[in-house]
Amino acid sequence: MTGNARILVVDDQPTIVDLLSTVLTGHGFAVDTAGTAAQAVEKAVEQRPDLVLLDVSLPDGDGIDVRRRLRAEGAETGVVFLSARDTRDDLVAELAYGDEDWITKPFDVEVLLARVHAALRRLADAPGNRVLRYADLELDQDTGEVRRAGEPVALSPSERELLRLLLRHPGRVLSHDEIRAGVWPDVPGSGHELIEAHVASLRRKLERLGPPLIATHRGFGYALRARLP
């Protein structure tokens with residue numbers, strides 16, 4: 001997960017947002033940003049990031065409430081809280097869910113990157129995250145087995161990686177560049193023909209067992225959706 005993860009940075013200080021965006025993008029992450037609690041919830045529900053770097057104090061609410069709202073919306077994403085508070089006692093009460101991390105501001109960039117990687121590894125290794133599911137489709141990341149409607153689907157290694165990437169971001173349109181970086185990072189150029197061929201093959205195999213699941217957004221990319229627009 002750590003190599004191609006999408007991270008949402010939520011902070012109302014533009015200098016911090018710019019710094020984190022630059023650092024994270026430079027380390028290969030896809031980055032979205034928000035400056036308010038309302039924007040954070042909207043973008044997290046829409047984009048389904050792998051991790052949220054979430055400021056505790058926002059102009060229209062606090063990060064703890066944002067985390068509760070995300071869970072209520074079904075956006076099960078990891079969180080690393082950013083806080084200007086320097087006392088652990090304050091944060092113990094805030095981190096009541098027990099599965100989030102925290103870092104105080106000002107922070108060391110290398111320390112923050114280490115926390116980000118640790119949080120992503122922890123999320124990837126969680127028992128409930130080893131099997132990716134969408135509709136009647138599932139992929140066991142430990143065994144590599146793919147099933148649809150309970151029936152096994154034989155995929156090539158590249159098709160399996162493509163499906164894994166789509167399953168990690170259900171409903172979100174993945175661009176050609178994101179797909180190439182996630183599945184074929186060493187392929188030069190755009191890789192459009194390679195991607196199109198694998199999507200077509202994956203579609204054929206999945207649609208033998210049910211209705212279409214992969215939507216095409218022409219000129220941009222693909223999304224895993226139970227109903228095509």
Can you name the residues that form a salt bridge (Lys or Arg N to Asp or Glu O under 4.0 Å) with Glu161, not counting sequence neighbours? Arg164
Can you tell me how far CG of Leu166 sits from CZ of Arg225, rounded to the nearest 0.5 angstrom? 11.5 Å
So, Thr143 side chain and Glu145 main chain: donor-acceptor pair closer than 3.5 Å or not? yes
Short side-chain to backbone donor-acceptor contact, Gln39 and Gly35, under 3.5 Å: yes
All pairs passing salt bridge (Lys or Arg N to Asp or Glu O under 4.0 Å) where residues 20-33 contributes a residue, at least two apart: Arg6-Asp32
Do Leu51 and Val79 have side-chain heavy atoms sitting under 4.5 Å apart? no
Would Arg172 and Glu178 satisfy side-chain contact (heavy atoms from CB on, under 4.5 Å), going step by step from the backbone distance to the final call? CA-CA 12 Å; Arg172 185 166 73 80; Glu178 287 178 292; 3.3 Å; yes
Same cluster or not: are Leu24 and Val109 linked, directly or through other Ile, Leu, Val, Met, Phe, Trp or Tyr residues, by side-chain heavy atoms under 4.5 angstrom apart? yes
Find out if a path of hydrophobic residues (ILVMFWY) with successive side-chain heavy-atom gaps under 4.5 Å connects Leu162 to Val173. no
Is there a donor-acceptor pair closer than 3.5 Å between any side-chain N or O of Asp60 and the backbone N or O of Ala38? yes
Does Asp108 form a side-chain contact (heavy atoms from CB on, under 4.5 Å) with Leu112? I'd like the steps, not just the answer. CA-CA 6 Å; Asp108 181 277; Leu112 182 130; over 6 Å; no
Hphob cluster co-occupancy, Tyr222 + Tyr134, side-chain heavy atoms under 4.5 angstrom: yes
With a 4.0 Å cut-off, would you call Arg69 and Glu42 a salt bridge? no
Sequence neighbours excluded, which residues qualify as salt bridge (Lys or Arg N to Asp or Glu O under 4.0 Å) partners of Arg160? none
Can you sort out the partners of Ser201 under side chain to side chain contact (heavy atoms under 4.5 Å, CB included), two or more places apart, ordered by chain and number? Glu159, Arg204, Lys205
Is the shortest heavy-atom distance from the side chain of Leu53 to the side chain of Val10 under 4.5 Å? no
To the nearest 0.5 Å, what is the distance between NE2 on His27 and CG on Leu113? 4.5 Å
Check ion pair Lys105-Asp55 (N to O, under 4.0 angstrom): yes
Go through Asp50 and Leu120 one step at a time and tell me if the side-chain contact (heavy atoms from CB on, under 4.5 Å) criterion holds. CA-CA 7 Å; Asp50 298 295; Leu120 290 170; 4.0 Å; yes
d(Leu54 CG, Asp11 CG) to nearest 0.5 Å is 9.0 Å
Work out which heavy atom in Leu209 is nearest to a heavy atom in Pro152; give both atom names and the distance. CD1-O, 4.3 Å
Identify the two heavy atoms, one from Ala40 and one from Ala34, that lie closest to each other, and give their separation to 0.1 Å. N-CB, 3.7 Å
Heavy-atom distance under 4.5 Å between the side chains of Val31 and Thr33, does that happen here? yes
Any side-chain heavy atom of Val56 within less than 4.5 Å of one from Leu82? no
Carboxylate-amine/guanidinium proximity below 4.0 Å for Arg133 and Glu138: yes
Counting N and O atoms only, with roles assigned by atom type, does the side chain of Arg147 sit under 3.5 Å from a partner on the main chain of Gly150, one being a donor and the other an acceptor? yes
Inter-residue atom distance Asp140.CG - Leu132.CG, 0.5 Å rounding: 9.0 Å
Using side chain to side chain contact (heavy atoms under 4.5 Å, CB included) as the criterion, list what pairs up with Ser158, not counting sequence neighbours. Ser156, Trp184, His198
Report yes if some heavy atom in the side chain of Leu163 is under 4.5 Å from a heavy atom in the side chain of Leu137; otherwise report no. yes
Decide yes or no on side-chain contact (heavy atoms from CB on, under 4.5 Å) for Val52 and Leu8, but give the supporting numbers first. CA-CA 5 Å; Val52 180; Leu8 174 61; 4.2 Å; yes
Is the distance between the ring centroids of Phe29 and His117 less than 6.0 Å? yes
Quick one, His192 and His176 - any side-chain contact, counting heavy atoms below 4.5 Å? yes
If I take atom CG from residue Leu70 and atom CZ from residue Arg48, how far apart are they, to the nearest 0.5 angstrom? 9.0 Å
What closest approach, in Å, do Asp12 and Ser57 show between heavy atoms, and which atom pair accounts for it? OD1-O, 4.0 Å
Heavy-atom side-chain proximity of Ile179 to Leu165 below 4.5 angstrom: yes
Heavy-atom side-chain proximity of Thr104 to Phe81 below 4.5 angstrom: no
Sequence neighbours left out, what passes side chain to side chain contact (heavy atoms under 4.5 Å, CB included) with Ala149? Give chain and number order. Asp136
